[in-house]
Amino acid sequence: MDYKQQVTNALVKALDGQLTADEISSKLERPKTSDKGDLAFPTFTLAKTLHKAPQQIAQDIAEKLDQTGFEKVAVVGPYLNFFFDKAAYSEETLNAVLAAGASYGQNNDGNQGNVPIDMSSPNIAKPMSMGHLRSTVIGNSIAEILKKNGYHPIKDNHLGDWGTQFGKLITAYKLWGNEEDVKKDPINKLVEYYVRFHKEDVDKPELDDEAREWFRKLENGDQEAHDLWQWFREVSLQEFNDIYKVLGVEFDTYNGEAFYNDKLAEVVQLLKDDHLLVESQGAEVVDLEKYDLNPALILKSDGASLYITRDIATALYRDRTYHPVKNLYVVGSEQMYYFKQLKAVLEEMKVPSAKDLHHIPFGLITVDGKKLSTRSGRIILLADVLKDSIDLAEKEIAEKNPTLKDKEAVAKQVGVGAIVFGDLKNERMNSIDFVLADQLKFEGETGPYVQYARARAQSILRKADGVDVQAAGNEITDPEAWDTIKALADFPAVVKMACAEYEPSVVAKYAIRVAKNFNKYYAHTKVLTEDAELPARLALVTAVSTVIKESLRLLGVQAPDEM
RNA sequence: GUCGCAAUAGCUCAGCUGGAUAGAGCAACGGUCUUCUAAACCGUAGGUCGAGGGUUCGAACCUCUCUUGCGACACCA
């Protein structure tokens, strides 16, 4: 039973058609605290038409209102506060969770439509930094949220595996590198060469000529260049995969930039056919004046392609391969303008999925307020942060739960969970000035806090083994349980909102809310007491465990049964 | 310079799209482990919601102006 609907119906009757159901429904709000009721109707809007004080209107409505089905309806000033029937509501909510299990909250809004997600996208031969973490975990979470809403996400790791930097890398490797070193520590060695190249080319501009030549060879399919490129790509990918494994993120495709090499000519041809390409200052551009945007540069004056050329090819490929209902790009906010241009060009080309192309931007990670950069050495290695966090989790376990089994596995779940949850907890767009100590927090509103609440729930359930928890008769009247029950009932709406806004933080905040309410509940109420409501309380604990685990799963965070 | 994003407690952030006394966490201070794991719970203190106008019954939220910070502005990605 939809209580909002029930409140609306009661009000429609009492108001005798003065407001439509929709008008009433949109005015209903949730009071800040449960002592003011569960849904409230403010009467201000009626004051004008009725020429009466809102307080009086609230009184009048209350008198006419059919209050059956509610615990009570209270008039507080200009508000009508509705209190739900706790026994009925808790029974309904708990039974719904128990019956559905992990699929509680699942809907089919997406109708299984394909949604390619451009995400993670690290650059070959460069280490993954905290910036890549954001794109990876936000993209991964959005994919899970989409699935929960009936979409079919396709996670595409759009690797930065092509470009002039490979000319530089090959040049540097041929000059200073050797196979053995690279095999031992691939990315660090490759970065070392790359950095050295940039140091030395200041005095030796001939290095740049050589690099250009190597890239030209690479583009023309030169065997040696291609073999080196492929090798660099492979060893880099192996290291990336180690991190993805730790994060628990998998991809459906790894179609990097190189994948589109043979698809660029068609893009240019299509643009020409549509007469969209115009010459400007020696370069080929698409004019975007009607979108109030600067022209998009498609071909450089030397005829070479650019990033956007590749991205058009990518969009075209995805359009033809998947017929997407949405097209998502989880890329930093600094590229907002760029994505407006990309979308505009695709719309000019009448690519069907262009109108559903969404850039999902996220805030920048800085150190001391400054942007990260591989070349300058201002970088935070993701692998290091994850390791620090896992180490700290190990220490916490040694201190707090030394007899725990599978310590290592749990430390990993908790340590990684802290980092991932920490990243997803706040609104995407917030920029983050990186401070390691801020990341390594396990207390308060953190991943471990949520994990801990569920571990405690599991602990109770283990001790209650043998008590029959049935999907019936789960009426809980304990007011201490009320906020938890309401939180559980909100999950399906949370799943929808997170999807509509592409905001994992909606789920993360929700998980905190459930955990917090549950912590309060069991701190106050002893669950394992032999009385008539014991099965109902265990049903509540089971439901909490299920919903927290599922919320964390949507965030890509694991939920250990013990910690 | 133009455009975009932001500004809420000492710090990090919420604030359900315009409603009730602006809420959490951290840090500080005080309390709670012979009872389901103290990664927890309870309490105290902490605010001119960057500034100023406008819209209306009502604004942290909408609008305008300004200030400050960050970012983007065609041959990088």
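These numbers come from the heavy atoms of this one structure, side chains and all, not from hydrogens, waters or symmetry mates. A note on names: the letters A, B, ... follow the listed sequences, proteins ahead of strands, and every chain is numbered from 1.
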In terms of side-chain heavy atoms of K441(A), which of rC5(B), rC26(B), rA20(B) is nearest? rC26(B)
Using a strict heavy-atom distance below 4.0 Å, which residues from residues 480-496 of chain A are in contact with RNA chain B? none
When you measure from the side-chain N and O atoms of K32(A) to the phosphate of rA20(B), is any distance below 4.0 Å, counting only OP1 and OP2? yes
Restricting both atoms to N or O, compile the protein contacts to nucleotides 74-76 of chain B shorter than 3.5 Å, with distance only.
from	atom 1	to	atom 2	distance (Å)
rA74(B)	N1	S280(A)	OG	3.1
rC75(B)	O2	S301(A)	N	2.7
rC75(B)	O2	S301(A)	OG	3.3
rC75(B)	N3	S301(A)	OG	3.1
rC75(B)	N4	Q281(A)	O	2.7
rC76(B)	OP2	K300(A)	NZ	2.8

Please table the atom pairs, donor to acceptor, closer than 3.5 Å between any side-chain atom in residues 403-417 of chain A and protein atoms at least two apart or in another chain.
from	atom 1	to	atom 2	distance (Å)
K405(A)	NZ	E562(A)	OE2	3.1
K407(A)	NZ	P402(A)	O	2.7
Q413(A)	NE2	Q558(A)	OE1	3.0

Pairs flagged by salt bridge (Lys or Arg N to Asp or Glu O under 4.0 Å) wherever residues 296-307 of chain A is involved - sequence neighbours left out: none
Among all residues two or more places apart in sequence or in another chain, which pass the salt bridge (charged side-chain N to carboxylate O under 4.0 Å, His left out) test with K486(A)? D38(A)
Atom pairs under 3.5 Å, N or O on each side, protein against nucleotides 69-72 of chain B: can you list them with distances?
from	atom 1	to	atom 2	distance (Å)
rA72(B)	OP1	K371(A)	NZ	3.3

Going by salt bridge (charged side-chain N to carboxylate O under 4.0 Å, His left out), name the residues that satisfy it together with K400(A), two or more places apart in sequence or in a different chain. E396(A)
Those residues at least two apart in sequence (or on a different chain) that pass salt bridge (charged side-chain N to carboxylate O under 4.0 Å, His left out) with D531(A) are R537(A)
Hey, what are the protein-to-nucleotides 41-47 of chain B N/O distances that come in under 3.5 Å?
from	atom 1	to	atom 2	distance (Å)
rC41(B)	OP1	Y449(A)	OH	2.7

Just to verify, what does F44(A) make a ring-ring contact (aromatic ring centres under 6.0 Å, His included) with, not counting sequence neighbours? Y79(A)
What do you reckon, is NZ of K425(A) surrounded by more than 12 foreign heavy atoms closer than 6.0 Å? yes
If I pick the P atom on rG15(B) and the same atom on rA9(B), what distance separates them, to the nearest angstrom? 15 Å
Looking at residues at least two apart in the chain, or sitting in another chain, which of them share a salt bridge (charged side-chain N to carboxylate O under 4.0 Å, His left out) with E533(A)? none
Choosing from rA14(B), rA20(B), rG25(B), which nucleotide comes nearest the side chain of N426(A)? rA14(B)
Check ion pair K168(A)-D208(A) (N to O, under 4.0 angstrom): no
Only one of L528(A), V527(A), V541(A) passes side-chain contact (heavy atoms from CB on, under 4.5 Å) with L461(A); say which it is. V541(A)
Closest to the side chain of F44(A), out of rC13(B), rU17(B), rC57(B), is rC57(B)
Residue pairs passing the ring pair (Phe, Tyr, Trp, His ring centres under 6.0 Å) test where at least one lies in residues 388-445 of chain A, sequence neighbours excluded: none
Measuring to OP1 and OP2 of rC16(B), would you say a side-chain N or O of R513(A) lies under 4.0 angstrom away? no
